[in-house]
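Below, chain A is the first sequence line, B the second, and so on; all start at residue 1.
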Protein chains: 2
Amino acid sequence: MKYSKLFGKTQKAGKEYESKSVEYLIRGGFIDQVMAGGYTFLPLGLRVMLKIEGIVREEMDKIGSELLMPSIVPTEIWKQTGRYDSIDVLFKVLGANELSKMRNDSEYVLNPTHEDVVSPLAKKFNGSYKDFPFAVYQIQTKFRNEVRPKTGLLRTREFRMKDLYSFHTSEEDLKKYYSVAKEAYTKVYNRLGIGSDTYYTAASGGDFTEDFSHEFQTKLEMGEDYIFRVPSTNECFNKEIAPSKAVDFEQETELKAMEEIFGEGIIGVDELCKFMNIPAHKTTKTLIFESEKGVIVAAVRGDYDVNELKLKKVAKVKELKLASAEIVKKVTGADIGYAGIVNLPDDVVKIFDDSIENLTNFETGGNKTHYHNGNVNWGRDVAKPEMFHDIKVAKEGDINPETGEVYEMFKACEVGNIFPLNTKFTDAVGYTFTDVDGTQKQVYMGSYGIGISRLIGVIAEKFHDDKGIIWPESIAPFKVHLIHIGDEGRVEAEKLYNQLIEKKVEVLWDDREDISVGNKFADADLIGIPYRVLVSKKSLENGGFEVKIRNNSSEVVFLNLASLLDKIYESESL
Amino acid sequence: MKYSKLFGKTQKAGKEYESKSVEYLIRGGFIDQVMAGGYTFLPLGLRVMLKIEGIVREEMDKIGSELLMPSIVPTEIWKQTGRYDSIDVLFKVLGANELSKMRNDSEYVLNPTHEDVVSPLAKKFNGSYKDFPFAVYQIQTKFRNEVRPKTGLLRTREFRMKDLYSFHTSEEDLKKYYSVAKEAYTKVYNRLGIGSDTYYTAASGGDFTEDFSHEFQTKLEMGEDYIFRVPSTNECFNKEIAPSKAVDFEQETELKAMEEIFGEGIIGVDELCKFMNIPAHKTTKTLIFESEKGVIVAAVRGDYDVNELKLKKVAKVKELKLASAEIVKKVTGADIGYAGIVNLPDDVVKIFDDSIENLTNFETGGNKTHYHNGNVNWGRDVAKPEMFHDIKVAKEGDINPETGEVYEMFKACEVGNIFPLNTKFTDAVGYTFTDVDGTQKQVYMGSYGIGISRLIGVIAEKFHDDKGIIWPESIAPFKVHLIHIGDEGRVEAEKLYNQLIEKKVEVLWDDREDISVGNKFADADLIGIPYRVLVSKKSLENGGFEVKIRNNSSEVVFLNLASLLDKIYESESL
């Protein structure tokens, strides 16, 4: 393609952007912002997206059949699965004006995901054990009513997704397919050039499942997630569920007498540590929760927070919320802020984190307004529970309980997820199958997503320097960025342009007359196409074309057409 | 692909469907209805759609650049162009439940088309005469709040569209591009196999333009449009705007005396003809309209209706509505139903259709409640206007005024349209360009659509017999439908299956064990893949495979692999 004909030219620097990749995607002419969380994919950006979709499609075709479900569906579908009122990003659709509403006043859901839609579809077609297992997928635009869209394509109200759904006759078979899907995903990320930095990560099941789900997380400083990786096994956990052991500090062996300390209005660990002049790891944090099984008292070391997901699992409860002031008063006898683990009533569930197991002479709330207890010790001042648990929010430096290694922690951006939904949705729509013996049995289901438009943002963030994007070859909008100098250069560039097209090498020729070569170089760096090929008097004298690979090096080589093609084909076959 | 692995198997006949093509698309496993006007494209149907999209993309890439605009945009965009309240199929999007609304209570438009969105986008990027002309297009899902979705994919609330927009520095340049686009469209329809039955048809500009637009109409009995075609020139008009001359009937040459006829409550041409025992073409139909230029009296021959679009153009008015009873009384002195052309006040505009120019001894309303005038004659009873006009709704048998030929009339379905929007949208968003002399000038714009999902319905309706669909090769979901008989057949079929895949021939192998060959044949006919290849003891004895082309003939030939491939490649290169 000739650059003069390209819609969406590069833009000068100047404005503030959320990140370098957002800047380069916008200034390079890949995307244009229409609203918060709403973008047009300009021709360059769409080319990248279609290439990603092509790779995803090839790998998904090996493990499922592509179909396309509607974006708008009757609200009844979401009511049947009980999610119409509970999904906080759900959009609905209805007539925009009086004329439109008069014609048809129905309302529809604009799907953010399709579990609710695919379950009745699968039920309609496949009801015999012979039909199983099977998987269907689609590549589609989805919609979420995001409260805070951010960082360009990373979180938007409208985005491209690949969503795949698998159906099984047993949980075991679902698990088997789960690893097939994992393999396919790994291939996708490898082909996109981010394989080595993308981690298969255990995460919370979210709305979908009480089990863990898994995320594919690409290491990225601007990512929103914190990943805890076990160095020896490469096992990864999202911070929200990472099992963790605290690093112990040396404890005093001489037990001091417990003391009641008056600290009027001293609430919170920071204030307390300052007031008492002790480090946070000498304190404990006690929180009172209400659950469907009654009051739960949870305690962690002062330098930690309580992880409610972990606490829910340990306590085996579904609902958990911080107790009201009234309940706190009833349980501790104090106002909020002074809860501790000494002298708690017997009839409340107590769940203590293992970070406090080995403490001596530690602080805890006084269970008396304005009071704290110092130099508390297990056994003497408070009964040591038979069992401590892991209910803490993991933090940097924590230890993986399985291997005893300190986690490697890094920020990352989610580029895919897989959920073992089990029977959540199939139960909701009454989807069973007839087994070989004629009985009706539960259908198991899994759900597998890849954020296609988000990947563009992740890859641009992953691969850039201070001049622009450096696209992996597999998804670059073009293979060759052709630039010429002088009249002779133009004539030869045009020849090369036509030859490359004939050889089916995608080429963008910056044929503009009124732009300096310097600016063209800058645009080429900004756009980030792998091979920059310059045709000039000098290059022709050197036997052909000056080729520079778009990376941090400044090395250039002179190649003729044949060797240029060899170089391109060689890298393609890798 | 193996049929046993295909999601969305064929279904037995039984239910009632809107048409044969809808029946075959649903029973064949191409689409599944989720709601009125909402369908899932099952794997077979999606394959057809992606092939159509591929053809459209190839042809559009020659005349424009592909991009992808958002489906949801701020309502302000549609308010800026003044269409938010006037488009009666417009959908809006907002939070579905309280949680969602609490997070973000903004409303968005769910685009049915993108003129309103692309105009500000184009304005943002291209403002110099050097940037023109340019065209961008997208292939995207669109949404319309249809009051009555119907006939499967022909009218749906959610559909796939290709929409292209071109921008120009002059109306002349727009017109030039208009024919470039026409050529590209013609190529698309030719490649889809419907070229010879698809007609370039002048139509109303609708919401978009006061000029004519053009539609591509595919001849189809179940189509919603009536096309009037001039045999010698192939020029076509949509009924809504077809210029027409009525066929004259022989007139009495002896002028009879005008008579006033009392007919209590006789209203409407049918009743009147019965009452007076005269044919409709001896009567006139007089309608009173209100417009921004005052009252307009329009008259056509009794066997015609008034075409308001034509009347608007002749009267050069923008608003037109049937007059109230009060106005009718004031103008005619009578209640509604007795308006005629005799004794009309001077101060109303009178526009008479040319179908009444040559009448003698004709009937017209009495302009007096319950009265009609018979044997009216021009000049004597009513002044003959200097000019008659064409303000009639064309009907079968009418004559094209240009060539004098009787129109060929047929029903058709719109598969594409092109609109010369001129400056309607560019004015609305203040989009001008800087000309070579530095002055700001108006940008001209055109809009060009192809209904991609609708085409699936049209093609299935166009090409079927009483057993199923007969897909054109270019868009068939697979090239070869492979069936085997017996164990030997299965072994050889599997070999052929793998060989075809290796040769990149798309093959669907009905590998099911528990289905009779007869049922497999019936499914093959229903699905409509071009080459049905049977592998059996008999076929192997005859040198290879029994090949039957999916059409109305029952001819079969025996081919070996090489000749089968030759046959397939040969037809592909056509």
Side-chain angles (χ1 to χ4, degrees), chain A residues 1 5-9 32 34-35 38-43 45-46 49 65-75 77-78 84-100 102-104 108-110 117 121 124-126 130 134 136 141 143 145-147 157-158 514, chain B residues 1 5-9 32 34-35 38-43 45-46 49 65-75 77-78 84-100 102-104 108-110 117 121 124-126 130 134 136 141 143 145-147 157-158 514:
Chain A
M1 156 149 243
K5 298 285 172 204
L6 184 75
F7 182 76
K9 304 250 182 336
D32 175 65
V34 178
M35 63 178 200
Y39 290 87
T40 289
F41 292 88
L42 296 168
L46 183 64
M49 187 148 81
S65 299
E66 188 178 1
L67 45 62
L68 185 63
M69 288 176 273
S71 288
I72 61 172
V73 297
T75 53
I77 285 186
W78 282 75
Y84 187 79
D85 288 315
S86 65
I87 301 293
D88 61 3
V89 293
L90 203 65
F91 271 132
K92 71 176 175 185
V93 171
L94 64 160
N97 52 47
E98 287 313 311
L99 284 170
S100 182
M102 226 163 57
R103 289 162 59 96
N104 172 32
Y108 309 95
V109 165
L110 188 60
V117 183
L121 177 72
K124 193 164 173 179
F125 281 96
N126 287 356
K130 289 185 226 163
F134 65 94
V136 295
T141 299
F143 304 87
N145 192 16
E146 289 291 353
V147 58
R157 297 208 168 102
E158 176 173 354
D514 50 354
Chain B
M1 154 149 248
K5 299 282 173 207
L6 184 75
F7 182 76
K9 304 253 184 333
D32 175 64
V34 178
M35 65 178 198
Y39 290 87
T40 289
F41 291 88
L42 297 167
L46 184 63
M49 188 147 83
S65 299
E66 188 177 1
L67 46 62
L68 185 63
M69 289 175 273
S71 288
I72 62 172
V73 296
T75 53
I77 285 186
W78 282 75
Y84 186 79
D85 289 313
S86 65
I87 300 293
D88 61 4
V89 294
L90 203 65
F91 272 131
K92 71 175 173 185
V93 171
L94 65 159
N97 52 47
E98 286 314 309
L99 285 172
S100 182
M102 226 161 58
R103 288 163 59 94
N104 171 31
Y108 309 94
V109 165
L110 188 60
V117 183
L121 176 72
K124 193 164 175 180
F125 283 95
N126 288 354
K130 288 185 226 162
F134 65 94
V136 294
T141 299
F143 304 87
N145 191 14
E146 289 290 353
V147 58
R157 297 208 167 102
E158 176 172 355
D514 51 354

Taken to the nearest 0.5 Å, the spacing of Leu110(B) CG from Tyr108(A) OH works out to 11.5 Å

Given a strict heavy-atom distance threshold of 4.5 Å, which part of Phe125(A) is in contact with chain B: side chain, backbone, both, or neither?
-> side chain

Check the angle between the aromatic planes of Phe7(A) and Phe134(B) and answer parallel, tilted or perpendicular using the 30° and 60° thresholds.
-> parallel

Closest approach of Ile72(B) and Phe91(A), non-hydrogen atoms and distance?
-> CD1-CE1, 4.0 Å

Option in Glu98(A), Glu66(A), Met49(A), Met1(A) with maximal non-hydrogen atom pairs under 4.5 Å from chain B | Glu66(A)

Which one of Leu90(A), Asp88(A), Asp85(A) satisfies the side chain to side chain contact (heavy atoms under 4.5 Å, CB included) criterion with Leu99(B)?
-> Asp88(A)

What part of Lys5(A) gets closer than 4.5 Å to chain B, counting heavy atoms only: side chain, backbone, both or neither?
-> backbone

Distance col, row Leu67(A):CG vs Asp32(B):CG, nearest 0.5 angstrom, shows 10.0 Å

Go through Leu6(B), Leu42(B), Ile77(B), Val109(B) and name the one with the most non-hydrogen pairs under 4.5 angstrom from chain A.
-> Leu42(B)

Might you point out which heavy atoms bring Tyr84(A) and Ala96(B) nearest each other, and give the distance in Å?
-> OH-O, 3.2 Å

Please determine, among Glu146(B), Met102(B), Met69(B), Arg103(B), the option with the most heavy-atom pairs under 4.5 Å with chain A.
-> Arg103(B)

Pairs of heavy atoms under 4.5 Å with chain A: top-ranked of Leu121(B), Val73(B), Thr75(B) = Leu121(B)

What part of Leu46(A) lies closer than 4.5 angstrom to a heavy atom of chain B: side chain, backbone, both or neither?
-> side chain

Exercise: identify the closest heavy-atom pair between Pro43(B) and Ser65(A) = CG-CB, 3.7 Å

Among Gly95(A), Gly38(A), Gly8(A), residue most engaged with chain B (heavy-atom pairs, under 4.5 Å) = Gly95(A)

In this structure, which one of Val89(A), Asn145(A), Ile87(A) forms a side chain to side chain contact (heavy atoms under 4.5 Å, CB included) with Ser100(B)?
-> Asn145(A)

Could you look at Glu158(A) and say if it's the side chain, the backbone, both or neither that has a heavy atom under 4.5 Å from chain B?
-> side chain

Just wondering, more than 12 heavy atoms not from Lys124(B) lying within 6.0 Å of its NZ?
-> yes

Top contributor to chain A contacts, counting heavy-atom pairs under 4.5 Å, from Val34(B), Leu94(B), Val117(B) = Leu94(B)

